[in-house]
Amino acid sequence: MASDMEPRLLRVFVAVAEELHFTRAAARLYLAQQALSRDVRRLERELGVDLFVRTTRQVALTVEGERLLPYARRVLGAQDELAAAFRRDAERPLLVDVGAPVGTAYRVLEEARARVPESCELVARFHSGLTGAAGELAAGRLDVSFGRFAGLPPGVRAGLVQQPVRLEPMAVLLPEDHPLAARPAVPLAELAGETLYAGAGNAGTAEWTDLAARLFDGRGIAMAEPFPEIEGSEEFVRVVRKRGWSVLASVEFIEVPGMVLRPVVDPVPLSPVSMVWRKGLRHPGLEALRAAARELGEGGVWLASPGGGPLSGKGVLPEGRWWLPEEDAAVMGVGARRGGDS
């Protein structure tokens, strides 16, 4: 094996390993597919192993490819840190929409901030809703957002890149005097006859409202009537308390005085959270965010089933214990397996 391996070859390898598609990887790196394939073959020759199994229908990592991937990510991360540390001009701030100062996206941001040098600024934005953020991402007015990638139109998704971050268990926010509030967890069937607020009327959170509609369908749960977009956590708290809503939420949510958050179970509905950015974006802050999301996911089992096992392969829970639409499962790398949309 060559001792002076080019980091460029590792960057090509990582792109193909993450996309599992040569055409998408080439587009992501702004390379011709022929050039990308040539670089992969060169890396395989230098290492003396096959890194991918290629068929006419799919691309998969070999055992050696799986072994190389964490090493390649560490090398590229170190290279990006070195470049950032000696950059003459300060990098422009990276604008990151995290929705609220609590939850998955904010935790990824905080972890990433601890990884970058002083010259690299990660600026938070608090506008919930990936649908609303997608246009800002495409226009370059926003760099990174988080949310349900499968809920975006295909044409919008084509200009963006996503990295699965977490399968968040859903919860319900209830007035503290609600009959279900005394329970430590709320079975999904017990929500039949309830009306839950899920962002209907807010075009910026359409992907969340669509996920809620799929969950409610056939279960006797009603969607609260459309309401004008609510901006900011303080205004959200005011409106929810005034109207006495019960709210479909995730297990990490802002505190609302006079209300309690209870996880939903039997089955556990999952909210898929991806980190999303526009194609071609290069910034050391982006690489720090991606690394933070990966490590938090691995350490906190963010991409695992409610019982702790992976959602694919060994450890899948018995059918009916968790719920996730099939297209979301595919985007998150779960595949059309047990517990899908029903």
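Along the sequence shown, residues are numbered consecutively beginning with 1.
- Nearest heavy atom pair, residue Pro267 against residue Trp322, reads CB-N, 3.6 Å.
- Residues satisfying the side chain to side chain donor-acceptor pair (under 3.5 Å) criterion with Glu190, sequence neighbours excluded, are absent altogether.
- Between Leu69 and Leu61, the closest side-chain pair of non-hydrogen atoms falls below 4.5 Å.
- The CG atom of Leu130 sits 12.5 Å away from atom CE of Met275, with the distance rounded to the nearest 0.5 Å.
- Looking at heavy atoms from C-beta onward, Pro169 lies out of side-chain contact with Val264 at the 4.5 angstrom threshold.
- Using a 4.5 Å heavy-atom threshold, the side chains of Arg92 and Glu121 count as separate.
- Side-chain contact between Leu188 and Asp266: absent, with no pair of heavy atoms (C-beta onward) separated by less than 4.5 Å.
- No donor-acceptor distance shorter than 3.5 angstrom exists from the side chain of Glu207 to the backbone of Ala150, with no hydrogens or angles considered.
- Shortest non-hydrogen contact noted between Val144 and Leu137 is N-CD2, 3.5 Å.
- For the residue pair Pro272 and Leu324, the shortest heavy atom distance occurs at CD-CD1, 4.0 Å.
- Ala72 and Val14 get closest at one heavy-atom pair: CB-CG2, 3.7 Å.
- Within the structure, the salt bridge (charged side-chain N to carboxylate O under 4.0 Å, His left out) test picks out the following pairs touching residues 252-262 (sequence neighbours left out): Arg107-Glu252, Arg166-Glu252.
- Expressed to the nearest 0.5 Å, how far CZ of Arg74 lies from CG of Leu10 amounts to 12.0 Å.
- Sorted by first and then second residue, the pairs that involve residues 124-137 and meet salt bridge (charged side-chain N to carboxylate O under 4.0 Å, His left out), not counting sequence neighbours, are Glu136-Arg141.
- Here Leu95 contributes atom CG and Ser145 contributes atom OG; the two are 11.5 Å apart, rounded to the nearest 0.5 Å.
- Within the 4.5 Å cutoff, the side chain of Leu167 has heavy atoms near those of the Met332 side chain.
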Side chain to side chain contact (heavy atoms under 4.5 Å, CB included) assessment of Val247 paired with Val172
CA-CA 6 Å; Val247 180; Val172 61; over 6 Å; no

So Trp323 and Val268, side chain to side chain contact (heavy atoms under 4.5 Å, CB included) or not? Walk me through it.
CA-CA 6 Å; Trp323 176 93; Val268 175; over 6 Å; no

Donor-acceptor pairs are to be reported for all side-chain atoms of residues 176-184 against protein atoms at under 3.5 Å, with residues two or more places apart or in another chain.
unit_1 : atom_1 : unit_2 : atom_2 : d
His178 : ND1    : Leu180 : N      : 3.0
His178 : NE2    : Glu194 : OE1    : 3.0
His178 : NE2    : Glu194 : OE2    : 3.2

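- Under the 4.5 Å side-chain heavy-atom criterion for Ile, Leu, Val, Met, Phe, Trp and Tyr, Val260 and Leu191 are members of the same hydrophobic cluster.
- Pairs engaging residues 48-58 under the salt bridge (charged side-chain N to carboxylate O under 4.0 Å, His left out) rule: Glu44-Arg54 [sequence neighbours left out].
- Residues satisfying the salt bridge (Lys or Arg N to Asp or Glu O under 4.0 Å) criterion with Arg67, sequence neighbours excluded, are Glu64.
- Each ring-ring contact (aromatic ring centres under 6.0 Å, His included) pair with one or both residues in residues 243-281, not counting sequence neighbours, appears once here: Tyr197-Trp245, Phe227-Trp245, Phe236-Phe253.
- Smallest separation of non-hydrogen atoms from Leu76 and Pro7: CD2-O, 3.6 Å.
- By the ring pair (Phe, Tyr, Trp, His ring centres under 6.0 Å) test, Phe13 is found to be paired with Phe52, residues two or more places apart in sequence or in another chain being considered.
- Contact detail for Ile254 and Ala100: the closest heavy-atom pair is CG2-CB, 4.2 Å.
- Within the structure, every pair that satisfies the side chain to side chain donor-acceptor pair (under 3.5 Å) test and touches residues 146-159, not counting sequence neighbours, is listed here: Arg148-Asp210, Arg148-Asp328.
- The pair Arg73-Glu18 meets the salt-bridge criterion, with a side-chain N (NZ, NE, NH1 or NH2) lying under 4.0 Å from an Asp/Glu carboxylate O.
- Residue Leu215 holds its CG atom at 10.5 Å from OG of Ser271, rounded to the nearest 0.5 Å.
- Between Glu327 and Arg214 a salt bridge is recorded (basic side-chain N to carboxylate O distance below 4.0 Å).
- Counting only distance, with no hydrogens or angles, the side chain of Ser274 and the backbone of Gln162 share no donor-acceptor pair below 3.5 Å.
- Under the 3.5 Å distance criterion, the side-chain polar atoms of Thr205 are matched with a main-chain donor or acceptor of Asn202.
- Looking at residues two or more places apart in sequence or on another chain, you find a salt bridge (Lys or Arg N to Asp or Glu O under 4.0 Å) between Arg8 and Glu6, Asp39.
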I would like to know whether Val265 and Val186 meet side chain to side chain contact (heavy atoms under 4.5 Å, CB included); could you show each step before the answer?
CA-CA 6 Å; Val265 295; Val186 177; over 6 Å; no

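- Distance CD/Glu46 to CZ/Arg42: 5.0 Å, rounded to 0.5 Å.
- For Gln33, the side chain to side chain donor-acceptor pair (under 3.5 Å) partners are Thr23, not counting sequence neighbours.
- Put simply, OG1 on Thr104 and CZ on Phe146 are 9.0 Å apart, with the number rounded to the nearest 0.5 Å.
- One finds a salt bridge joining Arg278 and Asp143 here, because a Lys/Arg side-chain nitrogen approaches an Asp/Glu carboxylate oxygen to under 4.0 Å.
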Steps toward side chain to side chain contact (heavy atoms under 4.5 Å, CB included) verdict (Val75, Met5)
CA-CA 11 Å; Val75 169; Met5 183 184 301; over 6 Å; no

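- Looking at Lys279, its side chain does come within 3.5 Å of a backbone N or O of Ala158 through a donor-acceptor pair.
- Under the 4.5 Å side-chain contact rule for hydrophobic residues, Leu281 and Val116 do not share a cluster.
- No chain of hydrophobic side-chain contacts below 4.5 Å, direct or via other Ile, Leu, Val, Met, Phe, Trp or Tyr residues, connects Met170 to Val251.
- For the pair Val276/Val161, no side-chain contact is recorded, criterion being any heavy-atom separation below 4.5 Å from C-beta on.
- Under the 4.5 Å side-chain contact rule for hydrophobic residues, Val53 and Leu36 do not share a cluster.
- Trp208 has its side chain out of reach of Thr131: every pair of non-hydrogen atoms, C-beta onward, lies at least 4.5 Å apart.
- Partners of Ala112 by side chain to side chain contact (heavy atoms under 4.5 Å, CB included), not counting sequence neighbours, listed by chain and number: Leu122, Ala288, Leu289, Ala292.
- Between Leu270 and Glu168 the shortest side-chain heavy-atom distance does not fall below 4.5 Å.
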